Every structure is written in structure tokens, then in C-alpha cells.
2 protein chains.
Amino acid sequence: MKKVSLSDIARELGVSKTLVSLVLNGRGDEVGINKETQQRVVAMAEKMNYKPNLVARGLRLGASKTIGLVIPNIANPFFARIARVVEDEADKYGFRVMSVSSDEKPEKEISLIQVLLERQIDGLILATCLKGKEEIRSLKNDKIPFVLIDRHFPQVKTNYVVVDNRAGAFQVVDHLLRQGYRKIGLLKISPSHITPIRLRHQGYHDALKAHGIRYDKKLVKEIPFGSIDEVMEEALRELLQRPVNAEALFFLNNDLTVAGLNVIKKFGLRIPQDVAIVSFDDLQLFRLLYPPITAVAQPWREMGREAVRILMKEIEASRYPEEKEQIVLPPEIRIRKSSERF
Amino acid sequence: MKKVSLSDIARELGVSKTLVSLVLNGRGDEVGINKETQQRVVAMAEKMNYKPNLVARGLRLGASKTIGLVIPNIANPFFARIARVVEDEADKYGFRVMSVSSDEKPEKEISLIQVLLERQIDGLILATCLKGKEEIRSLKNDKIPFVLIDRHFPQVKTNYVVVDNRAGAFQVVDHLLRQGYRKIGLLKISPSHITPIRLRHQGYHDALKAHGIRYDKKLVKEIPFGSIDEVMEEALRELLQRPVNAEALFFLNNDLTVAGLNVIKKFGLRIPQDVAIVSFDDLQLFRLLYPPITAVAQPWREMGREAVRILMKEIEASRYPEEKEQIVLPPEIRIRKSSERF
DNA sequence: TGCCCTTTCTAAAACATTTTAGGTCGAAAA
DNA sequence: TTTTCGACCTAAAATGTTTTAGAAAGGGCA
């Protein structure tokens with residue numbers, strides 16, 4: 001049972017496939033096809049269960065009506081939620097989404113982007129782990145419309161939608177400091193060149209400074225993306241024991257927070273009596289934990305929506321526009337018991 | 001800057017595009033193209049930054065090397081994890097995944113499948129919310145290879161990979177009963193025709209029966225997928241107050257559990273002293289809650305992996321095979337404090 | 001009668017590939 | 001000298017669309 005094509009319908013009716021194409025695309029009246037003929041075509045298409053081949057159309061039209069979404073990991077709830085928003089928003093424009101996970105590996109990301117381009121996607125939304133300017137510039141050379149989300153390169157002129165990472169980190173660390181915590185451990189994720197991590201680190205740094213507290217490298221630990229669970233225990237042991245004796249911990253993303261909470265539970269420590277906790281990125285269950293976890297909530301809905309809007313604008317503009325949209329969204333600090341002074 | 005095609009390379013080198021195509025597909029030696037010519041082609045392709053157009057290739061070859069993944073919601077961690085596994089496994093076969101969320105709406109799912117087919121996907125993995133036989137049969141008529149996951153239709157001969165929902169529910173309810181709980185509230189999700197929900201309900205029912213306890217309809221509540229948060233509070237109020245007075249609650253999926261926990265916290269009830277809790281589907285954070293939540297863990301990794309394996313087997317088999325693979329995986333019961341007798 | 005205009009439709013090109021069925025040319029064999 | 005063979009390469013078709021350019025037929029008008 002082969003698939004039904006325009007030609008099949010045309011042959012069956014003894015007309016040209018041009019006519020069939022025109023009618024099925026609703027241009028029948030416009031080009032003056034006899035009403036009755038139009039009806040016959042529609043009826044026959046129906047009867048033969050015709051489905052247009054969008055691949056062929058895409059080839060002819062040079063547009064696939066598909067966008068690519070490159071993220072570190074679809075299994076991370078932050079990105080899963082964004083993926084959902086992107087899917088819904090793109091749908092409004094008649095676009096499908098192909099999403100791929102880079103695992104924070106630049107080489108993998110490059111090859112994924114390559115594959116997406118070969119598949120003739122019309123645009124890209126990227127939470128990129130690329131190191132920098134060069135690689136992003138090569139995208140610009142491809143003249144493919146794209147929007148960066150979550151992570152951006154201030155030095156390169158691109159569209160982006162990000163959250164104010166520095167401000168979020170600053171506020172939550174400032175909060176800890178006001179509660180009287182002094183020794184605040186910082187847990188970073190390891191490809192640490194990515195902007196949000198750098199900026200959150202910066203916010204931490206600035207908050208300390210604003211309170212006149214010395215920045216201490218010994219309080220900062222870096223955990224590799226691929227082996228969070230394995231490394232976290234050792235990192236926390238070092239942070240929480242002598243000589244460091246951290247009183248509070250700031251986890252820079254939700255993966256770290258979850259892993260950290262596991263270890264803290266294993267150590268049998270009480271939050272916040274033994275150690276206070278704050279997290280960048282809020283998860284639905286954080287407010288149900290005991291105690292609830294203070295977190296910087298990110299506006300994922302807006303991030304996804306804006307990214308799609310900008311991308312569609314650029315795709316629909318026939319020329320590749322020079323001006324780029326750059327959006328920085330405010331985070332929301334959700335103070336909960338995990339960071340209270342006991 | 002237009003995209004570079006085979007013809008461009010051919011023209012540049014003064015050879016035919018046939019030759020270029022053969023060389024770039026690694027068939028140069030096989031068909032006896034001069035080594036030196038081969039090198040010139042490869043070098044020129046490199047120089048011109050040639051990227052094959054997979055859409056054109058797909059059109060010619062009648063295969064898109066893309067599969068569709070239809071799930072209720074990519075933002076649900078259970079499905080997000082499956083999506084990740086499917087992505088990784090499909091990649092091993094050189095396939096990309098297009099995933100779409102149906103929101104448990106059959107009409108939406110039908111239209112999504114339609115669109116995926118128009119895009120010439122080579123196969124489908126479905127966690128379907130379709131009502132039944134008819135609609136699935138129409139897929140079979142399309143002769144498109146597909147595998148059902150999570151949800152299946154025992155009466156229809158299809159590939160599927162599911163978990164033993166009845167057994168999982170039976171065991172966890174049996175556990176509650178052994179702890180001495182008698183009045184066990186059941187929270188179902190609302191398009192309740194889908195098999196896992198029916199079978200989990202069945203398991204609940206069977207466990208009660210095995211303990212000689214009367215099944216009481218008043219203990220069963222149905223929550224619509226689209227408005228879980230809104231409806232949960234009222235449902236729990238009815239279950240936990242007189243005259244029902246449920247002593248324990250069994251949530252049939254993770255969305256329900258999370259929503260339920262929110263309400264229980266709001267009511268200020270203690271777990272398990274005031275109400276014991278068990279969940280079908282385990283989330284990473286359940287073991288960190290206070291108290292940790294007893295849950296039926298699903299083998300999502302195997303589910304994704306097997307689904308892809310079966311699908312690839314069917315795609316690669318030239319004929320549409322008659323025999324179907326049907327896999328039922330065992331769940332794992334994780335007993336935690338939320339279901340202890342206090 | 002010849003011309004032009006409408007109405008209704010179509011042939012062919014184009015998109016970028018892969019594949020089929022050859023073609024050319026020089027050298028070796030007969 | 002002709003044939004054959006091998007090495008190397010190519011023209012054209014095919015995939016399923018959309019679009020461009022124009023054709024056929026019939027009627028009105030000078």
C-alpha cells in the first residue's frame with residue numbers, strides 16, 4: 001500500500017497535478033478553477049486518504065517548518081519545562097520542534113547542530129554549552145536564525161533571552177548574609193565557562209563584598225556535570241568539616257541542589273541548624289521538603305515564549321536582520337525555611 | 001549566501017554530480033573513481049563547507065531517519081526521562097526524535113500523529129491517550145511502524161512495552177493493608193480509560209479483595225488531567241473528612257502525588273500519622289521528603305530502550321512484520337516511611 | 001472573418017539528492 | 001585491424017511538491 005501522491009489523485013481524475021495542488025492549497029478560487037472540479041478534487045483526496053508530503057514541500061519551498069532546540073538535558077526539569085513551552089509556542093506558528101540534549105559537551109553540541117542544519121531546520125533555540133565567540137560566530141555565518149536562551153555571550157551580537165543571574169545570586173546570598181551566615185559554600189557545575197554559572201558566581205562574590213566579607217576560594221567547589229552524585233559527597237565533606245566549616249550552601253543549579261540534599265540527608269545533618277541551603281532554580285517539590293528550600297525561581301515560561309517569538313520574527317523576515325533582541329528577565333527569590341537563622 | 005549543493009561542487013570541479021554524490025557517500029572505491037579525483041572532491045566539499053541536504057535525500061530515499069515520540073507531557077519527569085532515553089537510543093541508530101505532547105487529549109494526539117506522518121517520520125513511539133482499538137487500528141492501516149509504551153491495548157495486536165501496573169498497585173496496596181491501613185483512598189487521573197490507570201485501579205481492587213476488604217466507591221476520586229491542582233483540594237477534603245475518613249491515600253501517578261502532597265501540607269496533616277501515602281511512579285525527590293514517600297518505581301530506562309530497539313527492528317525489516325513484540329516489565333516497590341504504621 | 005478576452009486548465013522547471021543504465025577512451029588481446 | 005576489457009565517468013530519471021509561463025476553447029465585438 002504505497003502512499004498517495006498528488007499525481008495519483010490527478011491521474012485518477014484525469015487532471016494535472018498542478019490543478020490538484022492549487023485546489024488543495026486553497027488557491028482554487030484565486031486562480032479560477034471550476035467550482036465543480038474543485039469539489040471533485042477535494043472529494044477524491046479525501047477518498048484516497050491523501051496526506052501531503054511535507055518533506056517534498058519543504059524541499060521545493062526551502063523551508064521545513066521545523067526548529068531545533070538544543071539543551072543540555074531534556075531530563076532536567078528546568079529544560080523540560082522550557083521544551084514544553086517552546087513546543088506549544090512554536091505550534092502556534094505551525095512549527096514543530098526537534099530537541100536534542102548536549103550533555104554539556106561542546107563537541108556533542110556542535111555535531112548535533114550540524115545534524116539539525118542538515119535536516120534543514122528553519123531556526124534554532126540554544127541553551128548552549130559552547131565555549132565562545134568563535135563557535136557561535138560560525139552559526140552566524142551559516143545565516144541560520146537562532147536565539148540563545150539561559151546562556152549568552154555578552155560580547156557577541158546575537159538574540160538572547162536570559163535571566164538576571166547575577167542579581168538572583170546576589171539577592172539570595174545577600175539574604176543569607178542578613179540572616180547572619182558568614183561562611184557560605186558555593187557549589188558550581190563543571191563546564192563552568194557557561195555564562196549563568198559565571199554570573200551566579202559573580203553575584204555570590206558581589207554580595208560578599210557588599211557585606212565586607214572576604215571571598216574565600218576554599219568555600220567554592222566545582223562538580224563535573226557528568227558525575228554529580230559521585231563527587232558531591234566528597235565536596236560537601238570538605239566544605240562542612242574542619243577547617244572550612246561552611247554554615248550555609250549555595251547550589252548553582254537544581255541538579256546540584258538535589259544531589260546535595262541527598263548527601264546532607266546521608267550525613268544526618270539538620271537544615272538549617274547544621275547547614276542552611278539555598279538553590280538557584282526552584283523545583284516544584286522544593287517547597288514540600290522539610291524544611292522547604294529557599295530558591296531563585298526562573299521565569300521559564302517567559303523565556304520559552306520570548307525565544308520563540310524572536311525566532312519566528314527572524315524566520316519570517318526574509319532578510320537576515322542585523323538588529324538583535326536581547327532580553328534579561330528578572331528572577332524571583334523565594335525565601336523558605338532552609339535559609340532561616342535557627 | 002546560498003547553501004552549497006552537490007551540483008555546485010560538481011560545477012566547480014567540472015565533474016558530474018553523480019560522481020560527487022558517490023564519492024561523498026564513500027562509494028568512490030566501490031565504483032572505481034580515481035583516487036585523485038576523490039581527493040579533489042572531498043577537498044572541495046570541505047572548502048565550500050558543503051552540508052548534505054537530508055530533506056532531499058529523505059525525499060529520494062523515502063526515509064527521513066526521524067521517529068516521532070508522542071507523550072502526554074514532556075514536562076512530566078516520567079516522560080521527560082523516557083524522552084531522554086529514546087533520544088539517546090535512537091541516536092545510536094542514526095535517528096533523530098521529534099517529540100510532541102498530547103495533554104491527554106485524543107483529538108490533539110490524532111492531529112499530532114497526522115502532522116508527524118506528513119513529515120514522513122519512519123516510525124512512532126506512543127504513550128497514547130487514544131480511546132481504543134479503532135484509532136490504533138487506523139495507524140496499523142497506515143503501515144507505519146510503531147511501538148506503544150506505558151499504555152497498551154491488550155485486544156489489539158501491536159508492539160508494546162509497559163510496566164506491570166496491576167502487580168505494582170497490588171503490591172503497594174497490599175503493603176498498606178499489612179501495615180494495618182483499612183480505608184485507602186484512591187486518586188485516579190481523569191482520562192481514566194487509559195490502561196495503566198485502569199490496571200492500577202484493578203490492582204488496588206484485587207489487593208483489597210485478597211485481604212477480604214470491601215471495595216468502597218466513596219474512597220475513589222477522579223481528578224481531571226487539566227486541572228489537578230484545582231480539584232485535588234476538594235477531593236482530599238472529601239476523602240479525609242467524615243464520613244469517609246480515609247487513613248491512607250494511593251496516588252496513581254506522580255502529578256497526583258505532588259498535588260496531593262501540596263494539599264496535605266496545606267491541611268497541616270502529618271504523614272503517616274494522620275494519613276499514609278503511597279505513589280505510583282517514583283520521583284528523585286520523594287526519598288528526600290519528610291517523611292520519604294513510598295512509591296512504585298517504573299523501569300523507564302528499559303522502557304525507552306526496548307521501545308527503540310523494537311521500533312528499529314521493524315523499520316529495518318523491509319516488510320511490515322506480522323509478529324509483534326509485547327513486553328511487560330516488573331515495577332519495583334520502594335517502601336519508605338510515608339506508609340509506615342506510626 | 002479576424003482579433004481579443006475569459007475561463008479553465010496544463011507542461012515543465014525547480015528543489016537536492018540517489019540510482020540506473022550506460023558512455024568514452026585507451027590499451028591489451030585476438 | 002578489430003575486438004574486448006577495464007578504468008573512469010556521466011546523463012537522465014526518479015522522489016512529491018509548488019510555481020511559472022502559457023495553452024486551448026469559446027464567446028463577444030469590430
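Labels below follow one simple rule: chain letters A, B, ... track the order of the sequence lines, proteins then strands, and each chain is numbered from 1. The shown structure was predicted, so the numbers you read here are calculated from the model rather than taken from an experiment.
- For D/dA14, its base sits under 3.5 Å from the side chain of B/Arg60 at one donor and acceptor pair at least.
- Spacing between atom CG of A/Leu13 and atom P of C/dT10 amounts to 10 Å, rounded to whole angstrom units.
- In this structure, the CD1 atom of A/Ile9 is 16 Å from the P atom of C/dC9, given to the nearest Å.
- Contact annotation: B/Thr37 reaches the phosphate of D/dC9 (side-chain N/O to OP1 or OP2, under 4.0 Å).
- In this structure, the side chains of B/Ser99 and A/Ser99 come closer than 4.5 Å at one or more pairs of heavy atoms.
- Among the protein residues, A/Gly32 comes within range of the nucleic acid bases, having at least one heavy atom under 4.0 Å from a base atom.
- At least one side-chain heavy atom of A/Glu325 sits less than 4.5 Å from a side-chain heavy atom of A/Arg309.
- Proximity of B/Asn53 to the phosphate of C/dC15: no side-chain N or O atom is located under 4.0 Å from OP1 or OP2.
- Listed nucleotides C/dA16, D/dT17, D/dT10 differ in distance to A/Leu6; the shortest reach to its side chain belongs to D/dT17.
- Within the 4.0 Å cut-off from OP1 or OP2 of C/dC9, not a single side-chain nitrogen or oxygen of A/Asn34 is found.
- Counting non-hydrogen atoms under 4.0 angstrom, B/Gly28 reaches nothing in the nucleic acid.
- Distance B/Gln120 CD to C/dT17 C1': 15 Å, rounded to the nearest Å.
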Practice task
Using the salt bridge (charged side-chain N to carboxylate O under 4.0 Å, His left out) rule, take A/Lys3 and B/Asp142 through it: C-alpha gap first, then chi angles, then the decisive distance, then the call.
Solution key: CA-CA 9 Å; A/Lys3 287 185 183 145; B/Asp142 281 337; over 6 Å; no
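- Between the CZ atom of B/Arg27 and the P atom of C/dT17 there is a distance of 16 Å, rounded to whole Å.
- Contacts of A/Ser5 with the nucleic acid, taken as non-hydrogen atoms under 4.0 Å apart, involve only primed sugar atoms and P, OP1 or OP2.
- Taking 3.5 Å as the limit, the base of C/dA16 and the side chain of B/Ser21 contain no donor-acceptor pair of atoms between them.
- The distance from atom CD of B/Glu30 to atom P of D/dC8 is 15 Å, rounded to the nearest whole Å.
- When heavy atoms are screened at a 4.0 angstrom cut-off, A/Val55 is found touching no nucleic acid atom at all.
- Within the 4.5 Å cutoff, side-chain heavy atoms of B/Leu126 are placed close to those of B/Leu139.
- Of the candidate nucleotides D/dT18, C/dA11, C/dT19, D/dT18 has the atom nearest to the side chain of A/Lys17.
- When rounded to the nearest whole Å, the span between NZ of B/Lys65 and P of C/dT17 equals 17 Å.
- Between C/dA16 and B/Arg57, no contact under 4.0 Å exists linking OP1 or OP2 to a side-chain N or O.
- Residue contacts for A/Lys35: at a heavy-atom cut-off of 4.0 Å it reaches no nucleic acid atom on any strand shown.
- In summary, of the residues considered (B/Val20, B/Val41, B/Asp8, B/Leu24), a side-chain contact (heavy atoms from CB on, under 4.5 Å) with B/Tyr50 occurs for B/Leu24 alone.
- Regarding A/Leu19, its CG atom lies at a distance of 17 Å from the P atom of D/dT20, rounded to whole Å.
- Comparing D/dG16, C/dT10, D/dA11 by their nearest atom to the side chain of A/Ser16 picks out C/dT10.
- Residue contacts shown for A/Leu61 are limited to sugar-phosphate atoms, with no base heavy atom under 4.0 Å away.
- Counting to the nearest Å, the C1' atom of D/dT17 and the CZ atom of B/Arg119 are 15 Å from each other.
- Listed nucleotides: D/dC9, C/dA12, D/dT17. Nearest to the side chain of A/Tyr50: D/dT17.
- When all heavy atoms are compared, the tightest approach of A/Leu116 to A/Ile121 is O-CG1, 3.2 Å.
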